[in-house]
Amino acid sequence: MSMPTVVKLKGKLQTGEVWINGKPLSPSRSLEVRRHSPTGFSRGYPGSGPAQLALAILLAYLPEHEALALYQDFKFKFTATLPEEDFEKEMDIREWVGQNCKRQGLM
């Protein structure tokens with residue numbers, strides 16, 4: 001799957017649900033790769049729930065080894081800064097991912 005320039009995220013605080021480009025984003029695959037937050041996604045702080053969300057977003061577009069190499073930095077840049085409330089946000093991530101893949105020798 002190719003990475004879009006802009007990812008549209010929507011989240012509901014009460015249920016913890018997150019949608020990426022209109023499709024539900026499940027924590028299940030990311031939990032199989034790295035188990036940070038068994039209770040699911042969160043945002044707005046630099047902890048386990050935002051780490052799980054960051055990993056899930058990157059796994060939607062990148063091979064596992066690349067997602068694992070980038071998700072903690074991605075968390076600090078994107079998911080830890082999301083509001084701790086219902087939200088809809090567009091995030092321009094393709095350039096950031098490309099630069100960080102090159103910086104880490106993944107490309």
Side-chain angles (χ1 to χ4, degrees):
M1 178 181 291
S2 67
M3 178 173 288
T5 301
V6 175
V7 171
K8 295 177 183 176
L9 281 184
K10 179 180 178 180
K12 286 190 78 166
L13 180 63
Q14 186 174 11
T15 63
E17 293 172 289
V18 175
W19 294 265
I20 187 169
N21 293 331
K23 297 177 183 175
L25 183 63
S26 170
S28 60
R29 179 164 180 236
S30 67
L31 285 167
E32 291 172 6
V33 173
R34 187 76 37 94
R35 196 167 185 81
H36 284 290
S37 179
T39 58
F41 301 137
S42 192
R43 61 229 177 232
Y45 68 99
S48 60
Q52 202 71 60
L53 178 56
L55 182 57
I57 292 167
L58 292 177
L59 284 170
Y61 300 108
L62 297 174
E64 185 176 308
H65 73 283
E66 290 179 10
L68 281 169
L70 299 177
Y71 82 99
Q72 287 290 348
D73 290 338
F74 187 89
K75 171 187 75 174
F76 287 110
K77 175 73 175 171
F78 294 102
T79 60
T81 62
L82 290 169
E84 290 185 83
E85 58 190 26
D86 291 356
F87 73 91
E88 289 188 43
K89 182 166 181 156
E90 291 186 356
M91 300 187 316
D92 184 355
I93 65 170
R94 186 176 9 185
E95 184 176 339
W96 183 93
V97 168
Q99 289 174 348
N100 284 274
C101 279
K102 285 180 186 174
R103 182 175 56 83
Q104 293 196 22
L106 300 171
M107 297 181 109

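Evaluation of the side-chain hydrogen bond (donor to acceptor under 3.5 Å, both in side chains) rule for S42 yields no partner, not counting sequence neighbours. With sequence neighbours left out, the side-chain hydrogen bond (donor to acceptor under 3.5 Å, both in side chains) criterion links E17 to T15. A search for side-chain contact (heavy atoms from CB on, under 4.5 Å) contacts involving S28 returns S26, not counting sequence neighbours. Listed by chain and residue number, V33, R34, L55, E64, Y71 satisfy the side-chain contact (heavy atoms from CB on, under 4.5 Å) test with L68 (two or more places apart in sequence, or in another chain). Take R103 and apply the salt bridge (Lys or Arg N to Asp or Glu O under 4.0 Å) test, not counting sequence neighbours, and it matches D73. Residues that satisfy the ring-ring contact (aromatic ring centres under 6.0 Å, His included) test with W96, not counting sequence neighbours, are F74, F78. Partners of E90 by side-chain contact (heavy atoms from CB on, under 4.5 Å), not counting sequence neighbours, listed by chain and number: V6, K8. With sequence neighbours excluded, the residues that form a side-chain hydrogen bond (donor to acceptor under 3.5 Å, both in side chains) with N21 are Y61. Residues passing the ring-ring contact (aromatic ring centres under 6.0 Å, His included) test with F41: none are found, sequence neighbours excluded. Looking at residues two or more places apart in sequence or on another chain, you find a side-chain contact (heavy atoms from CB on, under 4.5 Å) between D86 and K12, L13. Judged as a side-chain hydrogen bond (donor to acceptor under 3.5 Å, both in side chains), and not counting sequence neighbours, E88 has no contacts.
No side-chain heavy atom of L62 sits less than 4.5 Å from a side-chain heavy atom of L106. Between V18 and I57 the shortest side-chain heavy-atom distance does not fall below 4.5 Å.
Pairing each heavy atom of P4 with each of R94, the nearest pair is O-CB, 3.6 Å. Minimum interatomic distance between K75 and G47 (heavy atoms only, all atoms of both residues): CD-O, 3.6 Å.
Panel note: side chain Q52, backbone H36; a donor-acceptor pair is recorded below 3.5 Å.
Here K89 contributes atom NZ and L9 contributes atom CG; the two are 9.5 Å apart, rounded to the nearest 0.5 Å. Summarising the geometry, atom CD1 belonging to I93 is positioned 10.5 Å from atom CG belonging to L70; distances are rounded to the nearest 0.5 Å. Here the OG1 atom belonging to T79 is positioned 9.5 Å from the OH atom belonging to Y45, to the nearest 0.5 angstrom. Note: M3 CE to E95 CD = 12.5 Å, rounded to the nearest 0.5 Å. Note that CD of E66 and CG of L59 are 11.0 Å apart. Values are rounded to the nearest 0.5 Å.
Side chains of K102 and Q99: a donor-acceptor N/O pair is absent below 3.5 angstrom, by distance only.
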